[in-house]
Amino acid sequence: MADHSDHGAADAHAAPHGEEHHPTWKTYRWIALILTAITAAEVWIYYIPSFVKSRAFVPVLLTLSAIKFAIVVAFYMHLKYDSKLFRVLFTGPLAIAVLTIISLMFLFGHLAIHS
Amino acid sequence: MATAAIAHDDTHAAGGHPPTTTGLDHKKIAMWAFIGSECMLFASLISTYLIYKGRSLVGPYPHEAWVSPTGQHFNAILNIPVTSMSTFVLLMSSLFMVLAHSAVVRGDRKYSRFWLAMTALAGATFLGFQAFEFTSFVHEGLTIRTNLFGSSFFTLTGFHGAHVTAGVIWLVTLLFIDMKRGLRPDEALNVDLCALYWHFVDVVWIAIFTLIYLIK
Amino acid sequence: MTRHLRSRRIAFFAIATALSLGLAACSTNTPNTTLTPHSEFGRIIDWIWNETLILGTIVFVGVELGLIVTIVKWRNRPGSPPPVQSHGNTTLEITWTLIPAVVLAFIAVPTIKAIFKTQAKAAPNSLEVEVIGHQWWWEFRYPQYKIVTANELYLPVNKTVNFALKTADVLHSFWIPELAGKRDLISNRTNYLWFTPESTYAWNGFCAEYCGTSHANMHFRVFTVTQAEFDVWAAHQQTGPAFASPTLSPGAPVGAPTTPASTAVASTAAATPAGNAAAPVAVIPVANLQTGTYDKTKLPLHVMPGTPIPEGLTFASVTGDAVRGATLYKSSLCIACHMVQGVSPGVIGPNLTHVGSRTTIAAGLYPNDVRHMQLWIKNAPKMKPGVTMPVIGTGEIDVVTGKPLTAGYSDQQIADIVAYLQSLK
Amino acid sequence: MATTYVAERPHVAVHSKYEGGVWSWLATVDHKKIGQLYLYTAIAFFAVGGLEAMMIRAQLSGPNLNVVSAETYNQLFTMHGTTMIFMAIMPLSAAFFNFLIPLQIGARDVAFPRLNAFSYWVYLLGSIFMNAAWFIHAAPDGGWFGYAPLTTKMYSPGVNIDFWVLGLQILGISSLAAGFNFIVTIINMRAPGMHLMRMPIFTWAAFITQFLIVLAFPIITIALVFLQFDRFFGTNFYEIRAGADPLLWQHLFWLFGHPEVYILILPAFGLVSEILPTFSRKPLFGYPVMVYSIILIAMLGFGVWAHHMFAVGMGPIADAVFGVSTALIAIPTGVKIFNWIGTMWGGQIRFTTPMLFAIGLVALFTIGGISGIMHAQPPADLQQTDSYFIVAHFHYVLFGGSMMGLFGGVYYYFPKITGRLMSERIGKLQFWLMFLGMNITFFPMHFIGLNGMPRRIYTYDANQGWTLENKIISYIGAPLLVLGVLAFLYNLVVSRRSGMRVGDNPWGAPTLEWSLPSPVPDYNYAVIPTVTARYPMWESGDGAHGPPPEPPPLVDDPTPRKTLPTAAQLHIPMPTPTMKPLWAAMALTAMFGGLIFFGHQSAEIAAGRATSHMQSLGVMLLSATLFVISLYSWLLTPLEPEH
Ligand code: HEA
Ligand code: HEA
Ligand code: CUA
Ligand SMILES: [Cu+2]
């Protein structure tokens, strides 16, 4: 898929969309830092036995990774700045996927893993 | 025949391609649709892993040690420190990817090549970690045939690894083109597509790392 | 015009055909119908079925009538003015969104009630029956009575029976259409199904989940009997094999010692000439007072298998000897798979301790008589496609090697074994 | 108005090394030609699936028959279901996606023409691949939903299931590739003015169907990957001895399977929604609601899958939830039925063949839908599931729904494809044969189902109360269907050669595609149209909704067609025909074929007749390399000649 535009206007998109909407190099660095920090936090709490045993462990981990997920999608994949169409194309299926996982967990009596 | 409603606008006259309806590129829409579809693919894989979690009849297990009926001792399989490293590498590769893309957009060939290479390298490093992980698991007695955990773990992470591999090949192809004739700013879209794919693979790993590695 | 008239005539013809087909279906004898339930569970289902049938019919008639009226009324007539262009009508559209919603709500309430009612836990003092599906036969265990039998269920009426459903291999589904809905047998899981049979009769049971080659041949029989009859049956099943031969004594049967009476029964059965299949009679059968089992000669037609014997399968007219058969059985290959309590330990095939008392063999495929059993043992794979039981008869083509079997049993030997097995009432 | 070219007759420009004959078909990247390839291939596989059905009916035409063996019967129904669903109905729908979508939205082609060719070739080769198993007497025999653990190596040691797994994987790739292609095409190639709410309703149905495809197929892909790994590499996903749960397969399969049934019906709904307005001479009643109901059906379709599993013991809560969610689908579907009737109400109905089929769908699908609602009541379904009552349900929705709609579509669009009309006389004969035949075939199945006949049984005994109905089905219903299908095939062949030559819009239809010459020139639109209304062909110039123009009489018009300018003359860049998609498809199929060989070698190794997988791995590696090479060479060649 890399090289040739089958039909269509590659040029219509690239340049004008560029710098003003897109986050800058500084933002990217910040984002990388935040992502690293969250990952570090996740791994860190994994090593706190008392926290692992607590009810908060799983929700906290899920929240943290959801935040990471959202950040990468919003900034690195520039969904935040891009066409609304892409947002629909991505979040729709993502919602179905997440709901599917959750219902399967219920159906297999596995939601217990979250406590 | 009443064809009046189909006004024929001369700005779209014969010759050349009409502009796209949305002004967006076909391939980018295709990529997002593809990513949506991939969500379902990984949802199925992740669900399976989670469904089978704790159902293996024999060890080794992900998070706890296991002594076989014959008295053999198996360690908990998952190696969090190593995987945290590889997770970090993959996260960084996403940063490199962003930088590569913006270099191509700027027409900065020096940096575009550098960051493309760095991204590919980070991807390859991640794959190296995975290869190391897989071989050490096999040494510790876990293969894809051992138990439900082995089957679902290797298949899930293997599928992810295959995606990373495809991404690395793509990156290397772009790098090769950039080296050979240079990627022009108007070709940034092709890098953008690769970047979208790459970030998505990263995002999937974010989910896998938490759901499979960290949650016990 | 004429063409349209003709079309309409054809349409009416179609409806008339459908109706007459419906009537034809109602008038035939339907021994496995789900529409005359004989348990509360069955009646709950039937109630929901009737409700959906009535509402469904109303919807059906409404839609089809509306459709027919529309296409007749608005068919193109020469010279008719061009139609008025309407693009929709919000009120109408909301109405026909709401009407189905209301209909569905009407259906949903009793449905949900029924779900919770029928899936509640069975009453604690129920009769427990463990059902284990095998490719392609049924194993039934009565843990409260320590009975293990196959392909034939005896159930006391008016007592709740709670089935624990399991499978030894692939998925199957346990279904007695006249008594209750079906429930699947799932590997690595146990399912439950309970109901209270309300009338005494003989019923067909089926495997309703595709389970491989002989899925079609995986039947069972259910005999609902009075509690007293059930008790006789259960007591008899708890005894050891009815055949007591001196040569067999070391491994004495665990159950009650066999009575001379049953030995007598055994030898009579063994003497029955081959091919004397029971003449089926369509009356409600009476339980045999000795064994509590149904009299094979008095079964209604629908539980009497009429499967023809596969072509090319013959058996010499020899008379079997039960005593010789007993000895032979003990040293035969049969014991690897089949259990005769105190004689052979096999667990792969059906338990044969009381095989002579059953009405059918091969999971309801053939009547249980000397001739069918002889042919069965001689070449089971030919009698029932895909079956695990190997070819035993010398000279028969072995399914594994594709060559005639050399080290098998002669017809005489098989007849002896059959005489022995038939004596195990 | 620049309608100059539109009025002229086509002259197809051939300007490549793949000129004329077979080559022009093998190398084509033209959506219309690919659509026709899909159409004829799918019809062929419909005949194959139908032939299998006839053998099923022969075997069941009386108690205790031996027309075919148990093993063959099991292969027959498995292949019948699989063929009809994946090789007949889906590709028939794809034929319309291909042919119609670009025409309906005012585009010159699909977004990725070569990917489109690839989809077709993968479909063709995948279908041949799976059917090849017949020739080694090892056709798949696990049922069309292949429940584990029956399909695992332990219980199905032969290659039968291997062909099924790999064949479905190949077909899945075809559907997925096509899915992305059409999504992009519809989003991004609409002519100016063709906003979403002006899109022809078929395109809407197709659009939503593609989303169902790209979201549902990955799930079965994974389910099949598991089975594939189990069978070839000894993993444990469905391995009972390792503690596997068979419900995993069932959930994954039906998570795909239920959206799949809407993949099968929505395109037919779309076609019917085009046909009814044309022959009622009245716009579709409640167009927006028709659009929303498609979307709603599709979304609900992802939340009802477990209604196929009411007998597996999911527990009362799950049963209740899935029962209710399933029944909810009756609401948007009902709206469609009522709006179709509303479309006809007040119209000027012409009973042409397409119209008969469309009305047939409304009448017959309703029956299947209502029995669907009956299954959706979990306690009642415990009596119905896995009995012929279910078989009745799904043939009403599949034959009475999908096939009726698709036949209607073939009759309706045949003039656009070929410039000729299919015989109306034979068409009506076919309709009545099928209408009667399908009712006589499938209606009695309700009775035998309720009377306790399980499905998928190759034999049944007398005295079970099923004989009469089965005889009626086999001796009256099925033969009528055979006659119907034969009438159709005859009509198709004869009309292609010598059907009535009709104008560009013989039916007086309203949508954009009818503004084009028939047959459509390779560039479709000489000038990309600007659309100002939902029914451009019916709009009187000032935009007010006057009554649609009087449809032309259906008479033969022997005047020779005017030649249309070629794409080159119009300076319209056309994609270069290429065989690369075909090479890629072949390499891909060979790759999967190599896995069959791999499995064979595993058996040889186990039997001590071979020592390694060298050759099979070699085959797979080689075809993988070829695949990558053809892919690269495809992607690195521009779509069109540089200009
Ligand atoms: C084209 C394909 C198609 C379509 C569209 C449907 C549509 C529906 N199906 Fe069907 N179904 C299949 C194909 C399809 N199905 C197949 C192939 C199987 C079997 C798979 C197998 O086991 O092999 C199956 C099996 C199946 C089952 C499982 C049965 C079992 O195995 O136990 C169920 C259970 O709920 C079900 C329900 C429904 C429902 C509720 C709809 C609804 O969408 C129907 C909605 C439509 C209407 C209801 C009619 C119109 C509405 C009105 C006129 C409004 C008023 C109506 C009411 C108020 C009732 N279907
Ligand atoms: C789109 C789907 C579709 C269609 C159109 C059909 C069409 C038909 N089906 Fe199908 N059927 C299924 C989908 C479909 N079926 C599915 C999914 C199953 C479940 C499978 C499973 O359980 O796994 C099934 C199962 C099934 C069964 C149940 C088998 C069993 O459970 O044991 C039966 C039984 O009668 C049956 C009959 C028929 C008949 C008579 C037709 C007829 O309408 C067929 C009409 C077609 C013809 C009559 C073709 C005539 C062809 C010629 C005349 C050939 C000419 C040849 C050349 C020129 C080469 N089908
Ligand atoms: Cu057991 Cu079907
Ligand atoms: Cu469904």
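Chain letters run A, B, ... following the sequence lines, proteins first and then strands; every chain starts at 1. This one's a predicted model, so the numbers in the text were calculated from it and none came from an experiment.
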Item to check | Side-chain H-bond candidate by donor/acceptor type, D:Tyr458 with C:Asn217, under 3.5 Å | outcome: yes
Item to check | Interface residue of largest heavy-atom contact number with chain C, from D:Ala70, D:Pro149, D:Gly315, D:Ala320, under 4.5 Å | outcome: D:Pro149
Item to check | Among the listed options D:Gly143, D:Pro246, D:Ala380, the residue most often paired with chain C at heavy-atom distances under 4.5 Å | outcome: D:Pro246
Next on the checklist: So D:Phe351 and C:Asn76, do their side chains get closer than 4.5 Å, heavy atoms only?
Outcome noted: no
Next on the checklist: For the interface with chain C, which of D:Val289, D:Val324, D:Asp245 has the highest count of heavy-atom pairs at distances below 4.5 Å?
Outcome noted: D:Asp245
Checklist entry - Which one, D:Ile337, D:Val362, D:Thr385, D:Ile317, leads in non-hydrogen pairs under 4.5 Å with chain C? => result D:Thr385
Item to check | Choice from D:Gly334, D:Gly347, D:Ala327, D:Ala244 maximising heavy atom contacts with chain C below 4.5 Å | outcome: D:Gly347
Next on the checklist: For the CG atom on C:Leu98, are there more than 12 heavy atoms of other groups (residues, nucleotides or ligands in this structure) within a distance under 6.0 Å?
Outcome noted: yes
Checklist entry - Atom CD1 in C:Ile71, atom CD1 in D:Ile359: separation rounded to 0.5 Å? => result 4.5 Å
Next on the checklist: To check you understand the geometry: which heavy-atom pair defines the closest contact between C:Lys182 and D:Gln383, and what is its length?
Outcome noted: NZ-O, 3.1 Å
Item to check | Contact check, side chains of C:Arg189 and D:Leu247, non-hydrogen atoms, under 4.5 Å | outcome: yes
Next on the checklist: Do D:Ile373 and C:Leu104 have side chains that approach each other closer than 4.5 Å (heavy atoms only, starting at C-beta)?
Outcome noted: yes
